[in-house]
Amino acid sequence: MEQLSKKIDSEYTTYPEKVLQFGTGNFLRAFTDWQIDVMNKKGMFNGQVVVVQSTPKGAVDTINEQEGLYTLYLQGIKENQPVSEHEIIRSISRGINITNEYDEYLKIAGNPDLRFIISNTTEAGIQFHEGDLLTDRPQSSFPGKLTALLYERYQVFHGEKDKGFIIFPCELIEDNGKELKKIVLAYADAWKLESGFSEWVEEANTFCNTLVDRIVPGYPKDSIQDKTDELGYIDKLIVVGEQFHLFVIEGPSFIKEEFPAAQAGLNVHVVDDLSSYRLKKVRILNGAHTAMTPVAYLCGVNTVSEAVTSDLTKQFVEKVIYDEIIPTLPFPEEDLSQFAADVLNRFKNPFIHHYLSSISLNSVSKFKARILPTLSEYVERFSRLPEATVFSLSALLYFYKGKRGDESITLVDDESTLNLFNDCWSLYSDNMEELVSTILSNKKLWGTDLSKIPQLTESVVNQLRTINQYGMNEALTQFLQKTGEKNESVY
């Protein structure tokens, strides 16, 4: 059986490279790259994507082996019916490994057809790193790499205003475009680049805040043989996503013409303000994902669908959403309840096996972005702790111990974060008060001193002791019984 390539894809069409993408991962290939493919097939965009691998590990070698081609399976409910369909995506032209092809990376800046930059470097990716220099090959941070490319573009085209970019950062942080632009300008200042460059960044480039929504489990390792047999070729880049998709772009209306996704029938919106879209999605969908992951995984559950259909973890997830997240949001309760019900139905998708282990990557920054606002606003509004959210926080601390029973957990996060948790569990495993206090008070980790929230440290210590002594299943059972009894006493 042959590997997927242009040789066995008779419908391949070459287009100008209009898009530079930071990230080789499953999400963008199942989301924006798919959208570009849809537009190309309808003759509405006529452009391809150059993918940049900005970390040592990634899929760029396989992307080039397969000449940019891969198969996307979309599975889920479509027009009230379960549907599984697949197609070859042809929107990627090639991949570049920036760590050993830096000159080729900078060369892209001279392409006059290049118009869009898309990124997905996780919530931890949009950061300013003090040590980054313009002369680095490459810089350590994504914004540093982007600034170097923008500066090269500025020089090649002598600051021409029509050679700027439309930039879609897809990282799940608030005001992602605004934040990315701020860091790029900070690098320009730190590197003492001429003022004309900063003016060009401001005036010639459009940094858009964005909101992305599609559940993408990624490579179907549990069904790869069946899918390979169905396809009749080998594809090392198969990606699985749900049918639902939503892309909200906060930016000027001319984007609708240059990126005509809505005209192509896609659920893409260019709006003046995406805050209402974002708040519901990040707090409910992403918040539920993040809250359930350490709890369900430590219960022995491996996928999202299991987590929302197994009785014990299902109760927990629903309690987080309906009792704690929804009461903090400024929208009609009926609308929020319907949105939450739709989210839970998406989580139950019978086709998709969305592994909690993949959601657990960079869990601390995800908890900070998706859960801490709920915790803070709940305390402010009700003058008490949101108990299920606190239980999830306790579970997160235990998760970063790196063990599920006798099984080791492969933790993926910022090195300093992993070092902090490793040190705390090594030094204070017999002193939960010190362990919890050290972690919660770390402002670098959370952006604030969580230990100052009344009773939070004490509550996390108590939950952590229970988890440590009895295991997660028993600890969760006790928690739900106790909070259930409290709720009954209210009525």
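Separation of the F259 and F168 ring centroids falls under the 6.0 Å cut-off. In this structure, W425 has its ring center closer than 6.0 angstrom to the ring center of Y398. Aromatic pair F347/H354: ring centres not closer than 6.0 Å. For F367 and F399, the gap between ring centers reaches or exceeds 6.0 Å.
Residue R90 is tested with N40, D9, D33, T14 for a side chain to side chain contact (heavy atoms under 4.5 Å, CB included); the sole match is D9. For the ring-ring contact (aromatic ring centres under 6.0 Å, His included) criterion with F116, the lone passing option out of F207, F45, F22 is F45.
Of the possible polar contacts, one joining the Q263 side chain to the K256 backbone as a donor-acceptor pair under 3.5 Å is found. Of the possible donor and acceptor atoms, none in the side chain of R115 sits under 3.5 Å from a partner among the backbone N and O of K18. With N176 contributing its side chain and E171 its backbone, the two residues share a donor-acceptor pair below 3.5 Å. Looking at K366, its side chain does come within 3.5 Å of a backbone N or O of L361 through a donor-acceptor pair. Under a 3.5 Å cut-off, the side chain of R29 and the backbone N or O of L237 do form a donor-acceptor pair. Proximity of a side-chain donor or acceptor of N302 to a complementary backbone N or O of L356 within less than 3.5 Å is not detected. When atom types are taken as modelled, the side chain of N267 and the backbone of H245 share a donor-acceptor pair closer than 3.5 angstrom. No side-chain donor-acceptor contact under 3.5 Å links N362 to the backbone of S365. Under the 3.5 Å distance criterion, the side-chain polar atoms of S141 are matched with a main-chain donor or acceptor of G144. Under a 3.5 Å cut-off, the side chain of T210 and the backbone N or O of P169 do form a donor-acceptor pair.
Cation-pi geometry between K145 and Y105 is not met at under 6.0 angstrom from the ring centre and within 45 degrees of the axis.
Atom NZ in K161 sits 4.0 Å away from atom CD in E203 (nearest 0.5 Å). With rounding to the nearest 0.5 Å, the separation of CG in L172 from CG in N120 is 7.5 Å. For the atom pair S140 OG and H129 NE2, the distance stands at 5.0 Å (nearest 0.5 Å). Taking CG of L180 as the reference point, atom CD1 of I183 lies at 6.5 Å (rounded to 0.5 Å). Considering CZ of R214 and CG of L285, their distance stands at 13.0 Å, rounded to 0.5 Å. With values rounded to the nearest 0.5 angstrom, S198 atom OG is found 9.0 Å from Y154 atom OH.
Electrostatic pairing of E250 and R278 does not count as a salt bridge here, judged by no charged N lying under 4.0 Å from a carboxylate O. Using a 4.0 Å cut-off between charged side-chain N and carboxylate O, R346 and D213 make a salt bridge. Taking 4.0 Å as the cut-off between side-chain N and carboxylate O, E87 and K41 count as a salt-bridged pair. Note on E230 versus K227: no salt bridge recorded, every NZ/NE/NH1/NH2 to OD/OE distance being 4.0 Å or above.
Contact of the P143 side chain with the Q127 side chain is not registered, since no non-hydrogen atoms from C-beta on lie closer than 4.5 Å. With contacts defined as side-chain heavy-atom distances shorter than 4.5 Å, the pair L246/H269 qualifies. V51 has its side chain out of reach of L28: every pair of non-hydrogen atoms, C-beta onward, lies at least 4.5 Å apart. In this structure, the side chains of V239 and F31 stay at 4.5 Å or more apart for every pair of heavy atoms. A heavy-atom distance below 4.5 Å is found between the side chains of L231 and I238. For the pair I284 and I321, the minimum side-chain heavy-atom distance is below 4.5 Å. Contact annotation: the side chain of V52 never approaches that of F142 to less than 4.5 Å [non-hydrogen atoms, C-beta and beyond]. Using a 4.5 Å heavy-atom threshold, the side chains of Y102 and Q139 count as touching.
The closest side-chain donor-acceptor pair between N349 and S305, if any, does not fall under 3.5 angstrom.
In this structure, Y400 and F421 have tilted ring planes: the angle between them lies in the 30° to 60° band. Taking the six-membered ring for Trp and thresholds of 30 and 60 degrees, W191 and Y187 have ring planes inclined between 30 and 60 degrees apart.
By the 6.0 Å contact criterion, CD on E85 is enclosed, its count of non-hydrogen atoms from other residues, nucleotides or ligands being greater than 12. When the shell of 6.0 Å around CG of D272 is examined, it contains 12 or fewer heavy atoms from other residues, nucleotides or ligands. A 6.0 Å sphere centred on NZ of K6 holds more than 12 heavy atoms belonging to other residues, nucleotides or ligands. No more than 12 heavy atoms of other residues, nucleotides or ligands sit less than 6.0 Å from atom NZ of K107.
Listed here is the closest heavy atom pair of G232 and M1: O-CG, 3.4 Å. Closest approach of D413 to S363, counting heavy atoms only: OD2-N, 3.5 Å. In terms of heavy atoms, T374 sits closest to E324 at CG2-O, 3.7 Å. The minimum heavy-atom distance between A109 and L149, with the atom names listed, is CB-O, 3.8 Å. The two atoms that bring V320 and A291 nearest to each other are CG1-CB, 4.0 Å, heavy atoms only. The two atoms that bring G241 and L72 nearest to each other are N-CD1, 4.3 Å, heavy atoms only.
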Using side-chain contact (heavy atoms from CB on, under 4.5 Å), reason through F254 and I166 one step at a time and then give a plain yes or no. CA-CA 10 Å; F254 70 77; I166 297 171; 3.8 Å; yes
For L185 and E202, what are the C-alpha separation, side-chain angles and deciding distance, and is it a side-chain contact (heavy atoms from CB on, under 4.5 Å)? CA-CA 9 Å; L185 291 171; E202 290 266 20; 3.4 Å; yes
Worked check of side-chain contact (heavy atoms from CB on, under 4.5 Å) between T290 and L396: CA-CA 9 Å; T290 301; L396 180 67; over 6 Å; no
L146 vs F165, test: side-chain contact (heavy atoms from CB on, under 4.5 Å). Steps then yes/no. CA-CA 11 Å; L146 176 61; F165 297 113; over 6 Å; no
